[in-house]
Amino acid sequence: MPELPEVETVRRGLAPVLVGKRVASLEARRPDLRFPFPDNFAKRVAGQSVVGLERRAKYLIASLSGGEDLVMHLGMTGRFTIMHEGQADTPGHYAYGVGPDPTHDHVVFHLSGGTRVVYNDPRRFGFMVMMARAERLQHPLFRELGAEPLGEELTADYLAAKAMSRKVNLKAFLMDQHVIAGLGNIYVSEALFQAGLSPNRAARSLADRRGAPTDRAIRLVPAIRDVLERAIEAGGSTLRDYRHADGRRGEFQERFGVYDRAGSACHTAGCGGEIRRAVHSGRATFYCPRCQR
DNA sequence: ACTGTACCCTGTAGGC
DNA sequence: TGCCTACAGGGTACAG
């Protein structure tokens with residue numbers, strides 16, 4: 001579900017209620033999600049203050065006052081919901097169709113002051129792990145992550161260097177978190193559309209024989225950035241599960257160029273082509289065969 | 001080292 | 001209505 005724009009939207013929604021606040025207690029209602037929860041999870045979090053809430057790729061990182069980081073991933077269906085003091089567990093108090101869901105509300109952060117932050121995840125592909133803050137960058141989850149797409153590390157030169165020795169197509173290349181960290185199935189399709197590049201094209205065509213970036217790599221970089229920035233501005237994309245931390249839906253799905261539009265007309269002026277659906281590495285890809293070469 | 005596939009888990013949509 | 005299959009924004013563990 002949540003790709004970079006969705007995770008960033010959740011981060012922005014959670015930060016005001018979490019940062020600077022103390023977690024009075026943590027309630028883990030099952031022993032695991034995708035992975036077991038950290039040893040002594042509740043005890044390690046309880047009583048600590050959240051001193052920062054960052055995002056790296058699709059990870060949310062809550063820095064705790066004791067020196068540990070709580071790293072959270074939303075998987076496909078993970079959702080955080082803020083429940084303010086006095087907001088009872090009755091359906092009428094839940095806005096926007098978000099209701100109590102005892103079977104899938106797995107973790108509850110009880111903040112001092114009464115606000116609760118509830119983590120819900122039907123498929124349980126999400127996870128939460130803890131690590132010493134000083135060791136985070138060396139942790140296996142972070143050590144080999146690729147460039148942050150909205151950061152300065154992502155350049156045409158970087159992409160060309162990464163692509164030169166690869167035999168995969170562009171779709172798989174951009175989905176690879178070791179190359180660019182944060183893109184997922186929606187935004188790879190959208191970025192390729194915006195750059196006018198076919199998902200079937202070989203990744204190595206981003207580099208010339210010497211390893212220098214081709215014009216394709218040069219226009220792919222701003223296309224990726226622009227798609228992500230517009231998506232963040234729209235609060236992400238809600239296909240079904242995803243919600244902001246306050247329950248609102250994202251709106252970027254209204255502006256998809258190709259994603260989930262198979263059989264519909266391409267929006268590009270004068271194109272007249274029909275959006276097609278294909279499968280790459282077992283995942284659906286959407287593209288316009290006329291605009292994307 | 002790289003690449004493709006199966007798999008983790010649950011819910012929903014569509015065909016029959 | 002019910003049953004069955006395919007599919008869904010994620011990543012990992014293998015086999016080749």
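Keep in mind that the numbers below use all heavy atoms, side chains included, and drop hydrogens, waters and symmetry copies. Order of the sequence lines fixes the chain letters, A, B, ..., with proteins taken first and strands second; residue numbering starts at 1 for each chain.
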Please measure how far the P atom in dG11(C) lies from the corresponding atom in dA1(B), and state the result in whole Å. 22 Å

Rounding to an integer number of Å, can you tell me how far Asn169(A) CG sits from dG4(B) C1'? 11 Å

Which whole-number value in Å describes the distance from Met76(A) CE to dA6(C) P? 17 Å

Taking side chain to side chain contact (heavy atoms under 4.5 Å, CB included) as the criterion, tell me which of Ile61(A), Thr9(A), Leu4(A) meets it with Arg55(A). Leu4(A)

Assign [X] to base, sugar-phosphate, or nothing according to its heavy-atom contacts below 4.0 angstrom with the strands shown.
{"X": "Arg166(A)", "result": "sugar-phosphate"}
{"X": "Ala172(A)", "result": "nothing"}
{"X": "Gly282(A)", "result": "nothing"}

In DNA chain C, consecutive runs of at least three Watson-Crick or G-U pairs below 3.5 Å, as range with range, amount to B:2-8 with C:10-16, B:10-16 with C:2-8

For the residue pair Tyr259(A) and Phe256(A), categorise the inter-ring angle as parallel (less than 30°), tilted (30 to 60°) or perpendicular (more than 60°). perpendicular

Can you tell me if [X] touches the phosphate of [N], counting only side-chain N or O atoms and a distance under 4.0 Å to OP1 or OP2?
{"X": "Lys167(A)", "N": "dG4(B)", "result": "no"}
{"X": "His73(A)", "N": "dG11(C)", "result": "yes"}
{"X": "Arg283(A)", "N": "dG10(C)", "result": "yes"}
{"X": "His104(A)", "N": "dG11(B)", "result": "yes"}

I want to verify a distance call: between dT3(B), dA8(C), dG11(B), whose nearest atom is closest to the Pro122(A) side chain? dG11(B)

Ser281(A), nearest nucleotide to its side chain (from dT3(B), dG11(C), dT5(B)): dT5(B)

Test your reading of the model: is there a side-chain donor-acceptor pair from Arg225(A) to the backbone of Leu154(A), 3.5 Å cut-off? yes

Side-chain donor or acceptor of Arg216(A) paired with backbone N/O of Ser205(A) under 3.5 Å: yes

Ring centroid separation for Phe193(A) and Phe286(A), is it under 6.0 angstrom? no

Whether Phe125(A) stacks on the six-membered ring of dC8(B) base, 5.5 Å and 30° limits: yes

Return yes if the base of dA8(C) and the side-chain atoms of Arg123(A) contain a donor-acceptor N/O pair under 3.5 Å, otherwise no. yes

Do the side chains of Arg29(A) and Glu27(A) get close enough for a salt bridge, i.e. N-O under 4.0 angstrom? yes

N-O pairing of Lys58(A) and Glu3(A) below 4.0 Å: no

